[in-house]
Amino acid sequence: MERVPVLKIGDILLVSIQIDMEDQTALQLQEDLADRIVATGCHGVIIDISALDIVDSFVGRTLASIASISRVLDAETVVVGMRPAVAITLVELGLQLPGIRTALNVELGMDLLARERAADDWEFDEGDAEDESEPETPAAAAP
Amino acid sequence: MNQQGELIQVNSDQDVVRVRQLVRTVAVAVKLSLVDQTKLVTAASELARNTLVYGGGGTVEVTTVDNGRRPGIRIVFADQGPGIVDLDLAFTDGYTTGSGLGLGLSGARRLVDEFDIVTAPGAGTSITVTKWCR
Ligand SMILES: Nc1ncnc2c1ncn2[C@@H]1O[C@H](COP(=O)(O)OP(=O)(O)OP(=O)(O)O)[C@@H](O)[C@H]1O
Ligand SMILES: [Mg+2]
């Protein structure tokens with residue numbers, strides 16, 4: 001079985017899927033990523049699927065689990081580079097990818113992660129940022 | 001006029017990858033559009049995985065066909081597994097007896113032009129799909 005490499009670039013783990021993965025390879029990637037997130041303390045994961053000519057329900061489901069697992073481990077996942085034909089097919093297949101963030105390419109994915117991280121830090125410093133524009137109510141002030 | 005088909009035995013994850021690659025190669029050869037290639041390969045991946053997981057393995061045969069007006073590809077997925085007892089249920093989006101999303105059968109049917117299924121409890125399952133060039 002082939003294995004998909006996970007690269008660390010600064011605070012981000014980058015995975016570029018270059019092969020037609022067997023189901024077992026996809027599951028191994030899910031496990032490897034969880035291990036690497038914990039080992040490195042990275043807060044962002046970028047999965048580049050621009051080389052994939054299809055995403056079927058198994059790969060789609062694996063991407064969704066990777067996003068959920070990462071989130072529990074305090075890392076955000078962005079899937080980048082989906083081909084237009086793949087997007088059209090996924091929608092017709094009926095696959096929704098709840099909780100998956102997407103960006104058009106690696107660079108935009110990195111921007112997205114950086115913005116999210118900055119927003120998080122700000123929230124941490126300043127209190128609940130999302131409620132800032134809301135009028136003060138007892139509910140909004142709750143912890 | 002139908003050509004001689006190519007047969008793949010499906011008994012492992014790797015064989016499902018082989019099915020995808022063969023379907024892709026034939027889809028390119030008959031000049032399906034890129035979106036139609038993608039749809040057909042995706043449908044084939046779903047159905048071949050079902051053959052493996054639920055049918056206990058089987059065969060996939062890929063044939064080029066021609067209806068006199070346009071060329072196309074026909075794929076037959078056959079297994080000697082338990083068959084499907086309730087077809088309506090099996091085609092319901094989200095229905096699964098495994099750990100999947102229950103999208104394989106219903107999704108694959110949406111992705112192809114023709115979809116025929118022959119199955120009976122204890123008598124295996126045979127699914128034939130066809131995609132025509134536009
Ligand atoms: N070849 C087969 N032999 C026997 N039962 C089958 C076969 N193919 C599908 N089924 C039954 O039909 C159900 C629905 O199949 P479908 O492919 O739609 O969903 P799934 O495989 O369970 O999940 P997903 O494909 O989304 O990962 C399966 O759970 C299984 O019970
Ligand atoms: Mg399935």
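Below, chain A is the first sequence line, B the second, and so on; all start at residue 1.
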So what's closer than 4.5 Å to chain B heavy atoms on A:V55: side chain, backbone, both or neither?
backbone
Donor-acceptor under 3.5 Å (A:D56 side chain, B:E46 main chain)
no
For A:E107, does the CD atom sit with more than 12 other heavy atoms under 6.0 Å from it, leaving out its own atoms?
no
Using a 4.5 Å cut-off on heavy atoms from C-beta on, say whether the side chain of B:R24 contacts that of A:I54.
yes
Please classify the contact of A:L95 with chain B as side chain, backbone, both or neither, using a heavy-atom distance under 4.5 Å.
both
Is the number of heavy atoms from other residues, nucleotides or ligands under 6.0 Å of A:L104 CG greater than 12?
no
Applying a heavy-atom distance below 4.5 Å, give me the residues of residues 96-113 of chain B that approach chain A, sorted by number.
B:S99, B:G100, B:L101, B:L103, B:G107, B:A108, B:R110, B:L111
Which value, rounded to the nearest 0.5 Å, describes the distance between A:D23 atom CG and B:S45 atom OG?
7.5 Å
So B:T38 and A:I88, do their side chains get closer than 4.5 Å, heavy atoms only?
no
Report the option among B:V16, B:V35, B:T42 that has the most heavy-atom pairs separated by less than 4.5 Å from atoms of chain A.
B:T42
Of the backbone (N, CA, C, O) and the side chain (C-beta and beyond), which part of A:M1 lies under 4.5 Å from a heavy atom of chain B, both, or neither?
neither
Work out which heavy atom in A:E22 is nearest to a heavy atom in B:D13; give both atom names and the distance.
OE1-CB, 3.8 Å
In this structure, CD of B:Q14 is separated from OG1 of A:T25 (nearest 0.5 Å) by 8.5 Å
Within 6.0 angstrom of A:E2 CD, more than 12 heavy atoms from elsewhere
no
Whether B:R20 and A:D53 form a salt bridge (side-chain N of Lys/Arg under 4.0 Å from carboxylate O of Asp/Glu) is what I want to check.
no
